[in-house]
Each structure stands twice: as structure tokens, then as C-alpha cells.
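Just below is one structure, and these are the notes that go with it.
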Amino acid sequence: MAEHSAVKAIGHEEVLQLMDAGAQVVDVLPPEDYARLHLPGAINLPLSHFSDETLTQLDRERPVVVYCADNECDLSPRAAARLAAEGFAEVYDYVASLADWGAFGLPLEGEDADIPTNRDLARRDVPTCRMDERVEALADRFGEHSVCAVVDGSGVLLGRLRGEDVRNHTGSVRDAMHPGPSTFRPDVTNSEMAEWFEKRRDTDEFIITTLDGRLFGVLYREDVEQAVHEAH
């Protein structure tokens, strides 16, 4: 256990801080996976390639962040433990890894990084309101949008209101809102969203949230259909 004590499990916010501070970011997935998508500036050092020679690519005195595919993949904890056992001074395991990074709408590099996703199409200017507001006060807030996102003080999505909800209700937003709207992550592709809109013909928008439930934006059917049409 002692040789693993230097490894610290971290999330994406700490990864961003470490990147800004000059940490080494290491993708331990196979080369073909790395080529498709990886964190910005990450180097590829697959766990199966670890050796005295390949580890010379890393500076033992600088912080090292390792990641793999997702929190069900065990490559990053194994790689982090190996680096700690090899005497690297500061080792971090980004446990949730690549899937988490994309689900928070953070930038990626690689062959598939240019595939359009919700991160590209979601309208970030979606209006918001609080549960304790009055529905009557929201009429002028929608602008060109058909939906208003109900959020808490941290931006976590609590529900949504459509224009007809505002027209047909009075009283508190708490009583008028729909509390469990369907949501999607920023890294879902336009083509996947087009399939969802086809399945849900009664829906013209989906709210986009990050993995911790915070509002990212709203995605409209018309924007997805136009993007898919132009792509073909």
C-alpha cells in the first residue's frame, strides 16, 4: 500500500488547474484510441508500453496526470500506481477520464475532435429563472427562445418552463415548472441528436447539461436538422 500513497484521485477541475501549472498529462489508452480523441496537449504512453526506456519521456520531478477512457476503465489507476512505484514525485489519477472531460464540454484534440456535437450547436444564451420567482414576471425573458431553464444558485438544472406554461399559469415557478426534463451532455454528436429528435416528434428542444447537472445550453431541432443537412 505504501507505494500507492503518492497517487491522488482528482476530477476535471483539478486537471485544468494542473494543466495551467505545467503538469504532464498522459493518455494511457492504446494509440488508436488516443488518435481519435485525447485531452489537449496529452502525450500517449499506453500502459502496455511502460518500460525503463519509455518512462524517460516523463520528468520525474514534475506532476503527472494520467487518464484512460472512463471511470470503469482500470488503466489509469494501474498506470498511476506504476508511476508512484517507479518513484515519480507527484502522480494524479483522473479517475473519470476522457468520458467525463467530454461530458463537461471541455475541448478535445484528435481525429474525431471536429465531429460536430452539442457543444457546438447548443445555444448558451438560454434564459433562466429561479423556483421562487413569479411566472408572470417571465413573459419578456424568453426572447427568441421557447424554453426557460429553472436553475439553482449553482446553475444546476431543477426544471424547465415553456412559453405556454407562462401563458397558462400564475403563481410561483415551483408550481408551474416541469421538474424532470430530458437532458443530454455536450459531447453527444449532432447525428445522434437528430435520431433523438426523430424519436421524439413532440419535442423541439432538449436542454444540455454537464455531468454534474449544471446548465450548458439548449439545443433546438431546427439547428440540428440544418447542421445535419449541411453536413451531407
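FYI, the numbering just counts along the sequence from 1. Note that the structure is a prediction, hence the values are computed from the model and not measured.
- Side-chain contact between Glu133 and Leu138 is present, with heavy atoms from C-beta onward closer than 4.5 Å.
- Cluster annotation: Val7 is connected to Leu55 through the hydrophobic network of ILVMFWY side chains, with a link wherever side-chain heavy atoms come within less than 4.5 Å.
- Looking at Glu230, its side chain never comes within 3.5 Å of a backbone N or O of Ala227 through a donor-acceptor pair.
- Under the 30°/60° scheme for interplanar angles, the aromatic rings of Trp196 and Phe206 are found to stand perpendicular.
- The minimum heavy-atom distance between Leu47 and Ala79, with the atom names listed, is CD1-CA, 3.8 Å.
- Annotation for Arg221: atom CZ counts as buried by contact number, over 12 foreign heavy atoms lying within 6.0 Å.
- Judged by distance alone, the side chain of Thr117 and the main-chain N or O of Arg119 form a donor-acceptor pair under 3.5 Å.
- Each of Arg123, Arg160, His145, Arg162 was checked for a side chain to side chain donor-acceptor pair (under 3.5 Å) with Glu205, and the lone residue meeting it is Arg162.
- Residues Cys148 and Cys129 approach most closely at SG-SG, 3.5 Å, considering heavy atoms.
- The two residues Met19 and Pro40 come nearest to each other via the heavy atoms CE-O, 3.7 Å.
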Determine, stepwise, if the pair Arg82 / Glu86 fulfils side chain to side chain contact (heavy atoms under 4.5 Å, CB included). CA-CA 6 Å; Arg82 172 68 184 279; Glu86 292 285 348; 2.9 Å; yes
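- The CG atom of Asn44 lies 11.0 Å from the OG1 atom of Thr54; values are rounded to the nearest 0.5 Å.
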Given Leu83 and Leu58, is the side chain to side chain contact (heavy atoms under 4.5 Å, CB included) satisfied, shown in steps? CA-CA 10 Å; Leu83 292 176; Leu58 303 176; 4.2 Å; yes
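- A side-chain donor-acceptor contact under 3.5 Å links Arg141 to the backbone of Thr128.
- Among all heavy-atom pairs drawn from Phe197 and Val224, the shortest one is CE1-CG2, 3.7 Å.
- Ser182 is listed as a side-chain neighbour of Arg200, based on a closest heavy-atom distance under 4.5 Å.
- Side-chain contact of Arg185 with Thr209: a donor-acceptor pair under 3.5 Å is present, judged by distance alone.
- Of all the heavy atoms in Val95 and Ala9, the pair that sits closest is CG2-CB, 3.6 Å.
- How far CD1 of Ile207 is from CG of Asn118: 12.5 Å, rounded to the nearest 0.5 Å.
- Residues Tyr220 and Met193 are members of separate hydrophobic clusters, defined by side-chain heavy-atom contacts under 4.5 angstrom among Ile, Leu, Val, Met, Phe, Trp and Tyr.
- In this structure, CG in Leu75 is found 8.5 Å from OG in Ser48, a value given to the nearest 0.5 Å.
- A heavy-atom distance below 4.5 Å is not found between the side chains of Glu225 and Glu198.
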Criterion side chain to side chain contact (heavy atoms under 4.5 Å, CB included) on His169 and Asp175, from CA distance to verdict: CA-CA 9 Å; His169 291 82; Asp175 296 329; over 6 Å; no
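- A donor-acceptor pair shorter than 3.5 Å can be found between the side chains of Ser76 and Asp93.
- Grouping the Ile, Leu, Val, Met, Phe, Trp and Tyr side chains by contacts below 4.5 angstrom, directly or via other members, places Ile208 apart from Phe104.
- In summary, Glu32 and Arg36 do not engage in a salt bridge, as defined by a charged side-chain N under 4.0 Å from a carboxylate O.
- For Arg124, the salt bridge (Lys or Arg N to Asp or Glu O under 4.0 Å) test picks out no residue, with sequence neighbours left out.
- Counting only heavy atoms from C-beta outward, the side chains of Leu211 and His12 never approach each other to under 4.5 Å.
- Proximity of Asp27 to Leu39: side-chain heavy atoms (C-beta onward) are nowhere separated by under 4.5 Å.
- With rounding to the nearest 0.5 angstrom, the NE2 atom of His229 is 14.5 Å from the CG atom of Asn190.
- Checking side-chain atoms of Glu109 against main-chain N and O of Leu37 turns up no donor-acceptor pair under 3.5 Å.
- From Leu29, atom CG reaches atom OH of Tyr34 across 11.0 Å, with rounding to the nearest 0.5 Å.
- Taking each heavy atom of Ala99 and Asp187 in turn, the nearest pair found is O-OD2, 4.1 Å.
- The backbone N or O of Pro107 sits less than 3.5 Å from a side-chain atom of Trp101, completing a donor-acceptor pair.
- Residues Val26 and Tyr94 fail the side-chain proximity criterion, which asks for heavy atoms closer than 4.5 Å.
- No continuous path of ILVMFWY side-chain contacts below 4.5 Å connects Leu219 to Leu157, so the two sit in separate hydrophobic clusters.
- Heavy-atom contacts from other residues, nucleotides or ligands closer than 6.0 Å to CD of Glu164 number more than 12.
- Proximity of Leu108 to Leu98: side-chain heavy atoms (C-beta onward) are separated by under 4.5 Å at one or more points.
- The local environment of CD in Glu13 is sparse, with at most 12 non-hydrogen atoms from other residues, nucleotides or ligands closer than 6.0 Å.
- Val166 and Val173 fall within the same hydrophobic cluster, where Ile, Leu, Val, Met, Phe, Trp and Tyr residues are linked whenever their side-chain heavy atoms come under 4.5 Å apart, directly or through other members.
- Around atom CG of Asp52, no more than 12 heavy atoms belonging to other residues, nucleotides or ligands sit under 6.0 Å away.
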Given the rule in the ring-ring contact (aromatic ring centres under 6.0 Å, His included) test, do His38 and Tyr67 qualify, once you have shown the distances and angles that lead to the verdict? CA-CA 10 Å; His38 56 267; Tyr67 73 89; 8.4 Å; no
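- For Gln226 and Glu222, the side-chain atoms include no donor-acceptor pair closer than 3.5 Å.
- In this structure, Gln24 and Asp59 have side chains that are in contact, with non-hydrogen atoms separated by less than 4.5 Å.
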Determine, stepwise, if the pair Asp100 / Asn71 fulfils side chain to side chain contact (heavy atoms under 4.5 Å, CB included). CA-CA 8 Å; Asp100 177 78; Asn71 57 10; over 6 Å; no
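- Within a 6.0 Å sphere centred on CG of Asp140, heavy atoms belonging to other residues, nucleotides or ligands number 12 at most.
- Note that CG of Leu215 is 10.5 Å distant from CG of Leu158, once rounded to the nearest 0.5 Å.
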